[in-house]
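Notes to accompany the following structure.
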Amino acid sequence: TNQMESSAIQVCICGGGNGAHFSAAVIGSNPLYRVNVFTRQPQKWQKQIIGLTKDSIWEKRGDIIGNLNLVSDKPQEVSKGTKIFIICGPANIHQILLEQIAPYVEKGSFVGTLFGQGGFDWMASYVFGNRISTDNLTIWGLQTIPAICKFKDYGQSVRIIGPKKILYSVSTPIHQQEVIRKTAESLFGIITLPIPNFLCLTLYPSNQIIHPGRMYGIFQDWDGKKSFEPNQVPFLYEDMDDISADMLQKLDDEIQMIKNAIQQKNSFTDLSSVLPLKERIIFQYGEQIANKSNLKEVFRTNQGYKTARVPVRQVENGKVIPEINSRLFFEDIPYGLCILKDLAELLNLSTPAIDLMIEWHQKLSLIHI
C-alpha cells in the first residue's frame with residue numbers, strides 16, 4: 001500500500017461544511033486519492049469520516065469510510081503536493097478560500113468547486129489573474145453539489161441524503177473539459193457529463209431561485225418579530241405549497257427569458273443545459289420522484305428532498321423565527337439573484353419576480369443585521 005499511497009493523487013478539500021464532509025467521506029474512501037482538508041477547526045476532525053447512507057439510494061453500499069491524510073488550518077501545509085483543490089462552502093466564502101490557497105497552488109493544478117454558481121470563474125480569474133495561463137491552472141466547477149447531505153457529528157460523520165444520479169462539470173480552459181469530466185466522475189463515483197461554459201452554471205435554476213421563492217411562500221407576511229411553534233414551520237420541500245410553487249415558476253420564467261436573450265445576442269453561446277426548473281429536477285432525480293405532474297408535486301414527492309428543513313433560530317419559550325443569518329440569505333441573494341438582476345439589466349430586461357425577492361429578503365435582513 002505504501003507504493004499505492006505515494007502514487008495517489010492528492011486532493012485538498014477547502015472548507016468544513018456539509019459538502020466538505022461528504023467529499024471527505026467519498027473521496028477518502030477511494031485508494032486512488034490522498035485527501036487533505038483545509039478548515040478553520042482542524043482540531044475537531046477525526047482521521048476518518050463516515051458517510052451514513054441509510055435511507056438514501058446509496059443505502060445498499062453500506063456506510064462509506066473516508067480516510068484523511070492531513071487536516072490543517074495552514075494553507076501552505078495542505079497545498080504542498082496537491083493536484084486537485086475543491087472549494088466547498090457557500091459562494092460568499094469562495095473568494096476568501098481562493099485567496100488563502102492561491103500563493104501555494106502549484107503549477108498544473110485543478111482548482112474547482114462543488115457548486116459553481118455565483119460567478120466562481122470570475123472570482124478565480126480575479127484571484128489568479130494571468131497565472132491561469134502561465135501556471136497552466138484549470139478552473140472547474142460542478143453545476144450542483146453531488147448530494148444533499150448534512151453532517152451528523154462535526155468532523156466525524158455525514159448523512160448522505162440525496163445523491164444525484166448525474167453530475168455536470170465545466171472547465172476553463174475548455175480543452176480540459178474531458179479531463180475534468182473524468183476526474184469528477186472518479187472523485188464522486190457519479191456519472192458526469194460536460195457542460196460548455198460557466199454561464200450555464202450562473203443561470204442554473206437551483207438554490208438561487210428555489211430558496212428565496214420558498215422562504216417568501218412561507219414567511220411573506222412575517223413582520224420580523226412574530227415567533228412560531230417549531231411544528232408550525234413546514235418542511236422546506238415536502239410541504240411545498242401553491243404560493244411557493246407559483247413564485248418559483250415566475251423566477252424560473254425570468255431565468256429562461258435571460259437565457260434566451262443572451263442566446264439571441266450570441267448564437268455561439270451554448271446555454272441549452274439551462275433547463276426549466278421542473279424538467280431539471282426530474283432529469284436529475286429521476287425515479288426518486290413519485291409524482292411528476294406539476295412543479296409543486298415534484299418537490300413534495302422527491303425522495304432526495306425529504307427531511308430538508310427551513311433554517312430557524314430559537315427564541316424565547318422554545319419558539320423559533322426564520323434564521324436570517326443563513327446561506328439562504330447571504331448566498332442565494334447576493335451571489336444568485338443579484339447576478340441574475342445584473343445580467344437582466346445589461347440586456348434591458350425587466351424582472352419583477354427577481355426584483356420582489358431581492359427587496360423582500362433585503363428588507364428582512366436589514367431588520368436583523
Side-chain angles (χ1 to χ4, degrees), residues 18-19 22 51-61 114-115 117 142-152 158-168 188-193 204-220 228-256 273-312 320 322 326-328 332 336 353 357:
N18 296 324
F22 169 83
L52 305 162
T53 59
K54 189 169 163 26
D55 297 329
S56 80
I57 53 169
W58 284 4
E59 183 167 357
K60 59 184 180 301
R61 298 186 188 187
L114 285 190
F115 186 52
Q117 204 152 58
L142 297 179
Q143 193 163 47
T144 53
I145 57 168
I148 290 177
C149 52
K150 187 93 179 84
F151 68 77
K152 184 165 176 278
V158 56
R159 280 176 56 231
I160 298 171
I161 301 162
K164 305 285 193 294
K165 65 176 185 48
I166 301 176
L167 298 179
Y168 295 88
F188 299 107
I190 300 173
I191 294 166
T192 305
L193 302 175
Y204 196 60
S206 184
N207 296 356
Q208 60 181 346
I209 62 170
I210 295 172
H211 291 158
R214 181 65 176 129
M215 288 299 275
Y216 177 78
I218 302 171
F219 297 112
Q220 58 178 319
F228 304 87
E229 295 293 344
N231 63 2
Q232 285 180 291
V233 180
F235 280 103
L236 198 54
Y237 302 130
E238 53 200 294
D239 291 328
M240 180 67 67
D241 56 25
D242 290 322
I243 294 170
S244 306
D246 182 55
M247 180 50 73
L248 292 189
Q249 190 58 60
K250 288 180 173 144
L251 292 165
D252 190 42
D253 291 344
E254 290 182 357
I255 286 185
Q256 289 298 316
S273 70
V274 184
L275 296 172
L277 178 61
K278 177 172 167 251
E279 272 178 59
R280 190 276 288 178
I281 297 170
I282 291 171
F283 190 64
Q284 210 154 37
Y285 286 93
E287 295 317 301
Q288 295 182 65
I289 302 168
N291 181 345
K292 303 183 172 94
S293 61
N294 60 51
L295 189 58
K296 181 172 89 167
E297 290 304 326
V298 161
F299 275 94
R300 291 176 75 95
T301 67
N302 181 355
Q303 184 195 344
Y305 280 164
K306 270 198 181 349
T307 72
R309 293 189 172 274
V310 173
V312 292
V320 296
S326 76
R327 59 193 293 176
L328 276 68
D332 297 321
M357 289 302 92

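These values consider heavy atoms only, across backbone and side chains, with no hydrogens, waters or symmetry-generated copies.
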Does [Y] offer a backbone N or O that forms a donor-acceptor pair with the side chain of [X] under 3.5 Å?
X    : Y    : result
Q232 : E229 : yes
E254 : A353 : yes
S326 : P311 : no
N18  : F151 : yes
T301 : E297 : yes
Q220 : Y216 : no
E238 : T307 : yes
T53  : G51  : no

Nearest-0.5 Å distance, [atom1] of residue [X] to [atom2] of residue [Y]:
X    : Y    : atom1 : atom2 : value
I243 : K296 : CD1   : NZ    : 10.5 Å
R327 : N207 : CZ    : CG    : 7.0 Å
I190 : Y168 : CD1   : OH    : 12.0 Å
Q143 : K164 : CD    : NZ    : 10.0 Å
L328 : L236 : CG    : CG    : 6.5 Å
T144 : L167 : OG1   : CG    : 6.0 Å

side-chain contact (heavy atoms from CB on, under 4.5 Å) assessment of M247 paired with M357
CA-CA 9 Å; M247 180 50 73; M357 289 302 92; 3.8 Å; yes
Check: [Y] and [X] side chains under 4.5 Å, non-hydrogen atoms:
X    : Y    : value
D239 : R214 : yes
P146 : F22  : yes
F228 : P322 : yes
K306 : I161 : no
L275 : P205 : no

Please say which of L248, I282, I255 ends up in a side chain to side chain contact (heavy atoms under 4.5 Å, CB included) with L277.
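Result for side chain to side chain contact (heavy atoms under 4.5 Å, CB included) with L277: L248.
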Count the heavy atoms of every other residue, nucleotide or ligand shown that sit under 6.0 Å from NZ of K165, and state whether that count exceeds 12.
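Counting other residues, nucleotides and ligands, NZ of K165 exceeds 12 neighbours.
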Can you tell me if I191 has over 12 outside heavy atoms packed within less than 6.0 Å of its CD1?
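No, the 6.0 Å shell around CD1 holds no more than 12 heavy atoms from other groups.
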Which heavy-atom pair separates [X] from [Y] by the least distance, and what is that distance?
X    : Y    : result
C149 : V158 : CB-CG2, 4.0 Å
A147 : P163 : CB-CA, 3.5 Å
S206 : Q117 : CB-OE1, 4.2 Å
G304 : N302 : N-OD1, 2.8 Å

Any salt bridge between D241 and R300, counting N to O under 4.0 Å?
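Salt bridge: no.
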Among residues at least two apart in sequence or on other chains, which ones pass salt bridge (charged side-chain N to carboxylate O under 4.0 Å, His left out) with D246?
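Applying salt bridge (charged side-chain N to carboxylate O under 4.0 Å, His left out) to D246 gives K250.
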Evaluate the side chain to side chain donor-acceptor pair (under 3.5 Å) criterion for residues D252 and Q256: first the C-alpha distance (whole Å), next the side-chain angles of each, then the deciding distance (0.1 Å), finally the verdict.
CA-CA 6 Å; D252 190 42; Q256 289 298 316; 4.6 Å; no
Y305: ring-ring contact (aromatic ring centres under 6.0 Å, His included) partners, not counting sequence neighbours
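With sequence neighbours excluded, Y305 shows a ring-ring contact (aromatic ring centres under 6.0 Å, His included) to Y237, Y285, F299, given in chain and number order.
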